[in-house]
Amino acid sequence: MFSIYITSFIVGGLICVIGQLLFDVAKLTPAHTLCILVVTGSVLDGLGLYEPLIDFAGTGATIPITSFGNALTHGALAEAEKHGLIGVLTGMFEVTSSGISAAILFGFIASFIFKPKGSV
Amino acid sequence: MVMKGLLKFPSTPSIVATGVTAGPLEKKSAFQAGFDKMYDDERCNLKTNEQGHSKLMEDACMIALSKVDKIPADADFLVTGDLVNQMTPSSFFATTVGIPYLGMFSACATSVSSLLTAALLTEAGMSKLAIAGSSSHHNSIERQFRYPIEYGAQKGAAAQWTVTAAGAAAVVPFQKGFPSIERGTVGRAIDMGMTDPLNMGAAMAPAAADTLKRHLEGHGASASDYDLIMTGDLATVGFSIFKELVKNQGITEFDNFSDAGMEFYGNNPDFKAGASGAGCSAAVYFSEVYQKMKDKEYKKVLLIATGALLSPLSFQQGETIPCIAHAVELTMK
Amino acid sequence: MDKEKYAKLEQKISPKPPLLKNVIKAFLVGGTICLIAQFIALFYMTFFNFTERTASNPTVATMIFISMLLTGFGVYKKIGQVGGAGGAVPITGFGNAVVSAAIEHKSEGFVLGVGSNIFKLAGSVIVFGVFSAFLVALVKTILVKMGVVSW
C-alpha cells in the first residue's frame, strides 16, 4: 500500500524523462513530444500493458499524458467488447471524459479571472 | 552611380532628438538610465497588449518631438515598424499622430531601415523633419511567434527575450552639434539554413557579417575606424558566431564590437542569451549610443541592426529562417 | 561560407542542452507532480466513495484545477522552465496548455478568442490520442474476431 507512493514517483518521473529526451536529444517541440507519448500510451493499452502499469504505479501511470492515450483506447476496447466494431467509435471518451471536461471548464473559468503576465 | 545597396549621405542629415520608452521588466536593463519613460504596467494601463504596444511607440515619438519643441503636425514623414501581424501597433499610432506614414518591416532590423529611409527622404530634400523608429512588445510578439505567455515551455540557453521597448529618432537636415548620418548599407536577405526559432542569433549572425563586410569594403573603411560597431540583437550565442565569421574576414580586434541584445539585460540568466525584438536595437541606439555621441565620447559608430524574417507560418511549414542586417554609420563632428 | 560549413560552426558554438541536469530535473518535477496526485487520490479514497481505480477521474480533474491556479498566477511557466518535460508531460501540463491559451486569447473575446483557441496547443494531443486509440482498438477488435488474440 505504502510502496505505491514510491513507485508513483519513480514511474511518473521516468515517463517525464522520456519526454525530456525527446525534447533535448530528438529536438522535438513539446507538441510533437506529447503526441508521441499519447500514441505510445494508446498502443501499450492495445498490447494490454498499460493497466498493469497503473496497478504498479498508481498516479505515476495515470497522471502522465500517456494515460490519456490509454484511457481513450481502453474505453474504445471496452465498448468494442460489448458491441463489436461500432463500439470502437462510441466508447472512446467513456473513460477519459473527466480530463477533457475539466480542462475546458477550468480553462474557460480561468479566462474570466486571469490575464497573462509577461514576467520572467 | 550604381552602389549595390551602399548609401552615402553627402548632406549628412542629423538626429536632433530621440525618444525611448520601455516596459516594466526593462527597468532591469543595463541601459535603463538612458530611457525617457518606463511604464509600471506591461500594457501601459490599456486593455490589450497591442494597444500598449502602440502606446509605447506613440510616446517615444511624442517625446522625441517635444525635445525639439515640435508637434506631430510639424513632421513631414513617419517611418516606423514593429513585428505584429501587418504592423497594426505602428499603424494605429500613425492614425493618432496623423503624420504621413511609411510602414517599415525589416523584422528586428527595422530601427536602422527606418533611419536610413528617413535619412534618404531628408537627403532628397523632401523632408525637414522625419520621425524614424521601431518597437516591440514582449507579450504581443511572444504569443504570435511562439506560445501563450503563461505556457510552460522550456527555453534553452540560446533563447532570447523579446523586449518591451520603443525608440524614435527625429531626423532633420544637418545641424551642428548633433550626430549625423553619413553612410549606410542596405543588407541582403541571407539564409544559411537555420531552422531553430529559439536560436535566432545563430540564424542572424551571417547576415550581420555579410553587411559588415559589404559596408567596410564598399565604403573603403576599416573596422578600426569606428569607436563602436554595434550589432542589433544577436545576443551571446549569435555574437560569438558573428565574431567567428568576422575573423574569417581578417578582423581580429573586437574591442570596439558590441551587441545591443547581449548587453540589454546585463548578465541576468533569466533572459538566457539576451534580448531581441525591433525595440531592442532602437532603444539602445537611440538612448545610450546617441547620448554618448552627443557627449562626444563616440565620434564615429557603425550600427548593424539584425532581423530574422520568419513568420510562425513559414516556420510551421518547415521553411528555414532568412535574415537581414542593415547598417548605418553615424558621425559626430 | 556554404550552409554545411556554417551548420558545423553553429553546432560548435551554440550551447548544448545540459542533458543530465535536464533529465534529473524532469524526473524530480514529474515524479513530484505524480506523487502529489497520489495523495489527492488517497484523499478521494478516504473521504469519498472511490476505489483505487475510480479515484483516478476526480484526481485528474483536481490536478487540472491546481494547474489552472498555477498558470493563472504565473507559476506554471516557471515550473515548465525548470522541469522541462517534467512540467509538460503530466496532465497538469495539458491543463497548462489549455488554460494558458484560454487566458491569452481572451483579448479577442470569449467566442472567437477563448472558444476558438482553447485547444490551440492541446488539440493535437486529443486528435492523435483519438486517432491512435481508434486504430489500436480497431486492430485489436478485428484480431479478436479472427480469434488471433482474446480480450
Side-chain angles (χ1 to χ4, degrees), chain A residues 4-5 8-17 19-25 30-31 33-35 37-39 42-43 45-46 58-60 62-65 67-69 72-73 76-77 80-81 84-85 88-89 92 98-100 102-104 106-111 113-117 119, chain C residues 17 19 22-23 26-35 37-38 41 52 56-61 63-65 68 71-72 74 84-86 88-91 93-95 98-104 106 110 114 118 121-122 124-126 128-130 132-134 136-141 151:
Chain A
I4 193 93
Y5 295 95
S8 166
F9 184 89
I10 292 174
V11 171
L14 285 177
I15 295 175
C16 293
V17 166
Q20 190 67 40
L21 293 174
L22 290 171
F23 278 7
D24 287 350
V25 180
T33 303
L34 297 179
C35 285
L37 289 175
V38 162
V39 172
S42 149
V43 171
D45 189 56
T59 53
T62 58
I63 290 298
I65 199 76
S67 98
F68 185 62
L72 286 167
T73 311
L77 284 175
E81 202 174 342
L85 274 179
V88 173
L89 205 67
M92 206 103 64
S98 73
I100 294 187
I104 295 177
F106 295 137
F108 197 60
I109 292 172
S111 73
I113 312 171
F114 298 111
K115 260 194 165 185
K117 283 175 289 292
S119 52
Chain C
L19 192 58
N22 279 357
V23 160
F27 179 76
L28 293 177
V29 171
T32 307
I33 292 173
C34 294
L35 186 62
Q38 193 65 54
E52 210 160 306
S56 155
N57 277 341
T59 305
V60 162
M63 291 305 281
I64 292 177
F65 178 75
M68 171 191 88
T71 304
V89 170
I91 195 75
F94 179 81
V98 171
V99 174
S100 65
I103 61 179
E104 189 63 59
K106 185 189 176 179
F110 286 108
V114 180
I118 197 163
L121 296 170
S124 57
V125 168
I126 298 181
F128 278 85
V130 166
S132 68
F134 175 75
V136 167
L138 190 69
V139 168
K140 187 152 183 185
T141 309
W151 293 113

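Quick note on labels: first sequence line is chain A, next is B, and so on, each numbered from 1. Keep in mind the model is a prediction, meaning the values are calculated, not measured.
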**OP:** Please examine the side chains of A:F23 and A:P30, heavy atoms only from C-beta on, and report whether any two atoms are closer than 4.5 Å.
**Re:** yes

Original post:
Should A:I15 and C:V89 count as side-chain neighbours, where that means a heavy-atom distance under 4.5 Å?
Top reply: yes

Original post:
Any idea which of C:T32, C:V29, C:T71 has the most non-hydrogen atom pairs under 4.5 angstrom with chain A?
Top reply: C:T32

Original post:
Any idea which of C:A137, C:S100, C:G30 has the most non-hydrogen atom pairs under 4.5 angstrom with chain A?
Top reply: C:A137

**OP:** For chain A, find which of C:N22, C:L19, C:V98, C:V139 contributes the most heavy-atom pairs closer than 4.5 angstrom.
**Re:** C:N22

Original post:
In this structure, which one of A:I100, A:L37, A:T73 forms a side chain to side chain contact (heavy atoms under 4.5 Å, CB included) with A:F68?
Top reply: A:I100

Subject >> Test side-chain hydrogen bond (donor to acceptor under 3.5 Å, both in side chains) applied to C:T141 - qualifying residues, sequence neighbours left out >> reply: none

Original post:
Can you tell me how far CD1 of C:I64 sits from CE of C:M68, rounded to the nearest 0.5 angstrom?
Top reply: 11.0 Å

Original post:
Hey, which of C:A102, C:A88, C:P90 has the most heavy atom pairs under 4.5 Å with chain A?
Top reply: C:P90

**OP:** Between chain C and each of A:V39, A:V43, A:T62, count heavy-atom pairs under 4.5 Å; write down the option with the most.
**Re:** A:V39

**OP:** Please look at C:L138 and chain A and tell me whether the side chain, the backbone, both or neither of the residue comes under 4.5 angstrom of a heavy atom of that chain.
**Re:** both

Original post:
Using non-hydrogen atoms only, which part of C:V125 is less than 4.5 Å away from chain A: side chain, backbone, both, or neither?
Top reply: both

**OP:** Quick one: which of A:G46, A:C35, A:G19 has the most heavy-atom pairs under 4.5 Å with chain C, could you say?
**Re:** A:C35

Subject >> Set of residues satisfying ring-ring contact (aromatic ring centres under 6.0 Å, His included) with respect to C:F128, sequence neighbours excluded >> reply: none

